S.K.: 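So that we are looking at the same thing, I have put the structure below in structure tokens.
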Amino acid sequence: MTHNALFSHAFTFYFQMLNMKIHPDRYTFPSLINACAGLLDVGMGNLVHHHVLQMGFYSDLYVSNALIDMYARFNELGKARNVFDNMPHRDIVSWNTIISGYSSNGYWEEALSLFKELRKFSLVPDFATVSSVLPACGGLVSFVDGGVVHGLVEKTGMRAHTLVSNALLSMYFKFLDLENCRKLFDETVARDTVTWNIVICGYSQSGLYEESIKLFQDMVSKFEPDLLTITSVLRVCTHIGELNYGKFVHKYMMRKGYACDTTASNILINMYAKCSDMVTAREIFDRMKCRDLVSWNSLINGYFRNGCCMESVNLFKMLKVVLEPDFVTYVTLLSMSTQLVNLSQVKQIHSDLFKVGYDSCLVVGNALVDAYAKCGSTEDSLTQFYSMKRRDIVTWNSIIATCVHFDECDIGFKMITQMRREGVMPDEATMLSLLPICSVLSAKRQGKEIHACILRLGYHLHVPMGNALIEMYSKCGSLKNSVIVFEHMKTKDVVTWTSLISAYGIYGEGRKAISAFEEMKRTGVTPDHIIFVSVIHACSHSGLVEEGRAYFNNMKKEYDIEPQIEHYASVVDLLSRSGLLAEAEEFIVSMPFTPDESIWGALLSACRSSTDVKIAERVAERIVELNSENTGYHILVSNVYATLGKWDKVRTIRKSLKNRGLKKDPGCSWLQIHNRVYVFGAGDRHHEQYEEVNKFLELLNDLLRKEGYVADLKFVLHDVDDDEKREMLCGHSERIAIAFGLLNTKPGTPLQIVKNLRVCGDCHTFTKYISKIVQRELLVRDANRFHLFKDGVCSCRDLW
DNA sequence: CTAGGGTTAG
């Protein structure tokens with residue numbers, strides 16, 4: 001007969017006894033209360049407690065101890081505590097029961113404070129006391145209290161007790177004190193299954209997966225693992241994708257009869273799915289006698305992660321026949337639609353979720369924020385975000401990432417303020433989202449603050465974090481800091497090297513970019529297709545035509561990486577930027593791809609600064625034919641026509657853009673002075689020092705003319721007369737920013753300016769002159785790269 | 001045991 005059946009019989013006998021008018025005595029109740037506790041029968045428990053009070057046994061020690069235990073098992077610690085507090089006499093068992101009650105339900109503080117209270121009495125803690133309070137010390141990660149209890153254990157020799165040594169071991173794993181764990185484990189002679197489970201699980205949770213497997217192998221030769229051991233090891237195999245050992249464990253389970261356990265089978269399905277063996281995962285699923293929702297979800301998710309969306313969807317349809325899908329099922333479906341960038345599907349699932357009421361679930365809401373963003377709808381993503389009543393760190397990280405993705409940096413920065421106001425602490429993912437915002441805005445001060453946070457939280461050793469920091473510093477004008485971060489990184493991946501190479505690229509340090517690439521090869525990191533874009537780009541911005549071409553040619557030969565259209569675009573940029581327009585055009589014709597707007601655009605950008613009118617017109621026509629969705633290319637073409645004085649064509653393009661509702665990004669420049677950011681638009685007449693800045697610009701123009709500067713009117717892209725053109729050039733946002741910066745900082749201070757578009761040829765000349773006249777270093781970041789103007793020359797060597 | 005959020009270029 002099972003325990004439960006026996007417990008039920010106890011009730012039957014009790015009621016028979018009452019019917020026969022036989023009075024229970026104080027020996028009747030403890031076992032009856034234990035039965036209520038064992039069956040978790042709250043109603044019966046309350047009834048029995050009522051009888052205890054009625055019959056006057058409430059001051060009995062044994063009855064009260066049993067009641068404390070019962071209420072603790074019901075997770076009704078208030079009632080347990082009430083019984084405890086009202087006892088006229090307590091023994092060590094009373095204390096142990098209440099402490100263990102708190103401890104096993106996660107009330108660590110209460111357990112610990114009662115333990116401290118106990119020590120004021122003359123009662124002596126025993127093995128049960130200690131093994132109840134140790135989990136509390138671990139749960140609170142209290143090294144001090146843990147040390148005190150450990151001292152007590154050593155003094156009284158209680159470590160010989162397996163229960164106690166297990167609890168100690170478990171606590172040191174929570175402290176992540178692996179050294180002490182090893183020592184304790186090695187010294188423990190009386191090991192049981194629990195001891196092994198603690199170390200196997202502990203090492204796995206500390207990330208030492210190999211160690212965990214080794215211990216399991218050691219254990220199998222001496223001890224019979226239980227289901228918990230097996231599932232721990234399987235989890236390790238799943239984590240590291242260790243299919244072979246997973247298969248071994250699977251066979252072992254079948255021999256021992258563990259394979260019919262539902263949870264164990266679910267873990268097996270996940271293990272095989274993670275290792276991309278969907279055939280076996282399916283076999284296990286098909287053979288299961290009792291499938292639960294987790295089994296279905298695991299298989300559906302497995303198929304999706306392995307790229308078999310059809311199977312996923314079919315299974316989902318089958319699932320709906322036998323069971324009601326839960327929010328996990330729907331979240332998986334959302335992930336799938338997100339990956340497929342299928343906005344209408346996301347909306348369909350959203351309405352299904354609404355119907356079954358899962359739309360208020362936090363995880364679901366978070367998945368929706370992300371799904372809408374990744375399917376291209378900022379609007380829906382923001383609506384979903386604002387509609388959520390509860391938000392956690394994931395919600396905030398998703399919406400901040402969305403802002404970054406859609407270049408809504410201002411909203412992103414506001415979000416972080418609001419998030420802190422709502423009491424949510426940023427985590428690693430938040431930092432990784434925020435750094436790109438700093439990069440885009442060139443917000444070095446904020447970037448440095450985040451860097452300080454990262455150091456404080458110890459995230460700086462993580463590779464993606466270092467990578468983001470390299471990019472942040474380089475985009476914020478500090479190549480030096482990028483290199484320092486790079487050099488401090490212990491582990492470097494392709495992305496790390498790509499970030500460094502790109503950093504060198506935008507500062508025109510092509511040679512350094514090349515030697516970084518060569519050094520990367522020596523360290524054994526394998527290049528990917530993206531790093532070649534960066535390398536060629538770096539060559540292009542330093543005029544290293546031969547080197548760039550060589551890297552392009554070697555991609556396939558040396559690294560077996562097939563050049564993509566973006567590599568061809570890089571080469572077109574490389575050739576045309578150095579003035580080899582004809583060669584660039586030939587190169588395009590010989591491509592194995594149909595040239596798209598990125599290819600023609602690269603060539604046309606270079607045409608702007610050349611005098612080859614014929615090529616410019618030819619290329620412009622090509623781009624017009626492609627009728628791109630991207631406004632940038634139309635603007636580029638329009639600008640080229642404007643430079644050539646073909647105003648009718650300019651008007652046609654502007655009209656067609658207007659008709660399609662497309663708008664040009666207005667030019668703007670900004671700079672930071674004493675922790676404040678000043679933003680200026682083109683022709684800005686509303687900034688706070690308009691009069692002064694305007695006068696100062698006139699003064700500068702006079703000085704410049706004396707030095708030999710002549711305004712190059714072909715860079716005015718509007719059909720107006722020459723005087724107006726001259727005036728319009730003065731209105732370019734970078735000039736306003738420069739003049740403003742010069743006026744508001746001490747002589748000799750270097751200035752740092754950011755422009756959202758590419759700097760125009762005339763402003764480039766203008767800034768060169770300025771740097772000489774006022775003897776200042778001007779670091780300008782435009783849409784393409786950095787220009788360091790110093791003493792009349794620019795670091796880009798006019799390869800802008 | 002299943003489910004939601006971070007990286008490189010143009």
Side-chain angles (χ1 to χ4, degrees), chain A residues 231-232 234-235 238 261-271 273-274 292-302 304-305 325-336 338 358 361-371 373-374 391-402 404-405 426-436 439 459 462-472 474 493-503 505-506 528-538 540 564-570 572-573 598-599 601-602 605 632 783-785:
Chain A
T231 50
S232 297
L234 274 181
R235 217 174 294 139
T238 311
D261 181 85
T262 305
T263 303
S265 302
N266 290 346
I267 302 178
L268 274 173
I269 292 175
N270 280 300
M271 193 273 293
K274 173 76 197 289
D292 62 7
L293 208 43
V294 177
S295 327
W296 285 90
N297 288 342
S298 300
L299 197 65
I300 291 174
N301 193 259
F304 155 56
R305 298 273 168 217
D326 69 350
F327 73 97
V328 177
T329 326
Y330 283 108
V331 167
T332 302
L333 291 180
L334 272 176
S335 297
M336 195 151 42
T338 307
Y358 283 135
C361 163
L362 183 60
V363 180
V364 169
N366 291 344
L368 281 167
V369 171
D370 183 56
K374 295 220 171 103
R391 292 170 196 144
D392 68 356
I393 183 68
V394 177
T395 328
W396 288 102
N397 288 346
S398 303
I399 201 67
I400 292 169
T402 303
V404 179
H405 188 248
D427 71 355
E428 210 184 333
T430 324
M431 315 277 172
L432 273 167
S433 287
L434 286 174
L435 286 173
S439 305
Y459 296 145
H462 299 191
V463 179
M465 202 60 96
N467 298 348
L469 281 168
I470 293 174
E471 202 214 343
M472 184 275 289
S474 76
D493 63 4
V494 211
V495 181
T496 318
W497 291 95
T498 309
S499 306
L500 181 75
I501 289 168
S502 309
I506 55 176
D528 64 359
H529 68 107
I530 294 175
I531 200 161
F532 281 100
V533 180
S534 303
V535 174
I536 299 170
H537 184 245
S540 172
Q564 310 281 309
I565 194 139
E566 50 262 43
H567 300 106
Y568 284 89
S570 302
V572 172
D573 179 72
S598 74
I599 298 284
S605 305
N784 270 339
R785 57 168 295 158

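Throughout, protein chains are lettered first and strands after them, A, B, ... in sequence-line order, and every chain is numbered starting at 1. Bear in mind that the values here come from a model prediction, so they are computed numbers and not experimental data. The basis for the numbers below is simple: all heavy atoms, side chains too, and nothing from hydrogens, waters or symmetry mates.
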S.K.: For residues D573(A) and S540(A), is any side-chain donor paired with an opposing acceptor at under 3.5 Å?
M.R.: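 The answer is yes; a qualifying pair exists.
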S.K.: What does I393(A) touch in the nucleic acid at a heavy-atom separation under 4.0 angstrom: a base, only the sugar-phosphate, or nothing?
M.R.: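 Base, at least one base heavy atom under 4.0 Å.
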S.K.: Given atom CG of L500(A) and atom C1' of dA9(B), what is their separation to the nearest angstrom?
M.R.: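 So the CG-C1' distance, L500(A) to dA9(B), works out to 14 Å.
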S.K.: Please name the pair of heavy atoms, one in S570(A) and one in V533(A), separated by the smallest distance, quoted to 0.1 Å.
M.R.: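 Looking at all heavy atoms of both residues, the closest pair is OG-CG1, 3.7 Å.
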S.K.: Looking just at side-chain N and O atoms, do E428(A) and H462(A) make a donor-acceptor pair shorter than 3.5 Å?
M.R.: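 Yes, H462(A) and E428(A) have a side-chain donor paired with an acceptor closer than 3.5 Å.
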S.K.: Let me know the distance between CD1 of I399(A) and C1' of dG5(B), rounded to the nearest Å.
M.R.: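 Atom-to-atom, I399(A) to dG5(B), this comes out as 11 Å.
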S.K.: Using whole Å, what does the distance between atom C1' of nucleotide dA3(B) and atom CG of L299(A) come to?
M.R.: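 Nearest whole value for this atom pair: 15 Å.
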S.K.: R305(A) near the nucleic acid: base, sugar-phosphate alone, or nothing, with a heavy-atom cut-off under 4.0 Å?
M.R.: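 The answer is sugar-phosphate, as R305(A) gets under 4.0 Å only of primed atoms, P, OP1 or OP2.
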S.K.: Let me know which of N270(A), T329(A), N266(A) forms a side-chain hydrogen bond (donor to acceptor under 3.5 Å, both in side chains) with N297(A).
M.R.: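 Passing option: T329(A).
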S.K.: So, does H537(A) get its side chain near the phosphate of dG10(B), meaning an N or O under 4.0 Å from OP1 or OP2?
M.R.: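 The answer is yes; a side-chain N or O of H537(A) sits under 4.0 Å from OP1 or OP2.
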S.K.: Please work out if T496(A) contacts a base, only the sugar-phosphate, or nothing of the nucleic acid, heavy-atom cut-off 4.0 Å.
M.R.: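 Counting heavy atoms under 4.0 Å across all strands, no contact is made by T496(A).
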S.K.: Of all the nucleotides listed (dG5(B), dT2(B), dA9(B)), which has the minimum atom distance to the side chain of N270(A)?
M.R.: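 Closest nucleotide to the N270(A) side chain: dT2(B).
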S.K.: Within the 4.0 Å heavy-atom criterion, would you say N467(A) contacts the bases, only the backbone, or no part of the nucleic acid?
M.R.: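 Touches a base.
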S.K.: Across the strands shown, which category fits I267(A) at heavy-atom distances under 4.0 angstrom: base, sugar-phosphate, nothing?
M.R.: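 Contact class for I267(A): sugar-phosphate only.
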S.K.: Is it the case that the base of dG5(B) and the side chain of D427(A) share a donor-acceptor contact (distance under 3.5 Å, atom types as modelled)?
M.R.: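 Between dG5(B) and D427(A), which were checked side chain against base, a qualifying N/O pair under 3.5 Å is present.
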S.K.: From the options dT7(B), dG5(B), dT2(B), select the nucleotide whose nearest atom is closest to the side chain of D493(A).
M.R.: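 Minimum distance to the D493(A) side chain belongs to dT7(B).
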S.K.: For the side chain of H567(A) and the backbone of H529(A), is there at least one donor-acceptor N/O pair under 3.5 Å apart?
M.R.: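 Yes, because the side chain of H567(A) sits within donor-acceptor range (under 3.5 Å) of the backbone of H529(A).
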S.K.: Just to be sure I understand the rule, does F327(A) reach a base, reach only the sugar-phosphate, or reach nothing, if contact means heavy atoms closer than 4.0 Å?
M.R.: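 Base, at least one base heavy atom under 4.0 Å.
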S.K.: The side chain of A429(A) is closest to which nucleotide in this list: dG10(B), dG5(B), dT8(B)?
M.R.: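 So the side chain of A429(A) is nearest to dG5(B).
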S.K.: Atom CE of M472(A) and atom P of dT8(B): how far apart are they, to the nearest Å?
M.R.: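 Value for this atom pair: 14 Å.
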S.K.: Rounded to whole angstroms, how far apart are CE on M271(A) and P on dC1(B)?
M.R.: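 It is 15 Å, rounded to the nearest whole Å.
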S.K.: Would you say a side-chain N or O of N301(A) is under 4.0 Å from OP1 or OP2 of dA3(B)?
M.R.: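 For dA3(B), OP1 or OP2 has a side-chain N or O of N301(A) closer than 4.0 Å.
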S.K.: Quick check for you: among dT8(B), dC1(B), dG10(B), whose closest atom lies nearest to any side-chain atom of V533(A)?
M.R.: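 It is dG10(B).
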S.K.: Whole Å only: how far is the CD1 atom of I506(A) from the C1' atom of dA9(B)?
M.R.: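 Value for this atom pair: 11 Å.
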S.K.: Check every atom of dT7(B), dA3(B), dT8(B) against the side chain of I530(A) and return the nucleotide holding the closest atom.
M.R.: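 Of the candidates, dT8(B) comes closest.
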S.K.: Given dG10(B), dC1(B), dA3(B), identify the nucleotide with an atom nearest to the side chain of S335(A).
M.R.: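 Side chain of S335(A) sits closest to dA3(B).
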S.K.: What contact category does T332(A) fall into here, base, sugar-phosphate, or nothing, at under 4.0 angstrom with non-hydrogen atoms?
M.R.: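 The residue T332(A) makes sugar-phosphate contact but no base contact.
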S.K.: Tell me what D573(A) touches on the nucleic acid: a base, only sugar-phosphate, or nothing, going by heavy atoms under 4.0 Å.
M.R.: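 Answer is nothing: D573(A) stays at 4.0 Å or more from every strand.
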S.K.: Mind checking if V331(A) touches a base, just sugar-phosphate, or nothing, with heavy atoms under 4.0 Å?
M.R.: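 V331(A): backbone/sugar contact only, no base atoms under 4.0 Å.
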S.K.: So what does K374(A) touch, heavy atoms closer than 4.0 Å: a base, only the sugar-phosphate, or nothing?
M.R.: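 Answer is sugar-phosphate: K374(A) comes under 4.0 Å of backbone atoms only.
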S.K.: Using whole Å, report how far CG of L334(A) lies from C1' of dA3(B).
M.R.: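 Roughly 10 Å, once rounded to whole Å.
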S.K.: In whole angstrom, give the distance that lies between atom CD1 of I470(A) and atom P of dT8(B).
M.R.: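 The answer, rounded to whole Å, is 12 Å.
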S.K.: With sequence neighbours excluded, what pairs up with D261(A) under the side-chain hydrogen bond (donor to acceptor under 3.5 Å, both in side chains) test?
M.R.: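 Scan of D261(A) (side-chain hydrogen bond (donor to acceptor under 3.5 Å, both in side chains), adjacent residues dropped) gives none.
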S.K.: Can you sort out the partners of K374(A) under salt bridge (charged side-chain N to carboxylate O under 4.0 Å, His left out), two or more places apart, ordered by chain and number?
M.R.: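 In terms of salt bridge (charged side-chain N to carboxylate O under 4.0 Å, His left out), with neighbours along the sequence ignored, K374(A) is linked to D370(A).
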S.K.: Could you check which of dT2(B), dT7(B), dC1(B) has an atom nearest any side-chain atom of S298(A)?
M.R.: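 Given the options dT2(B), dT7(B), dC1(B), the side chain of S298(A) is closest to dT2(B).
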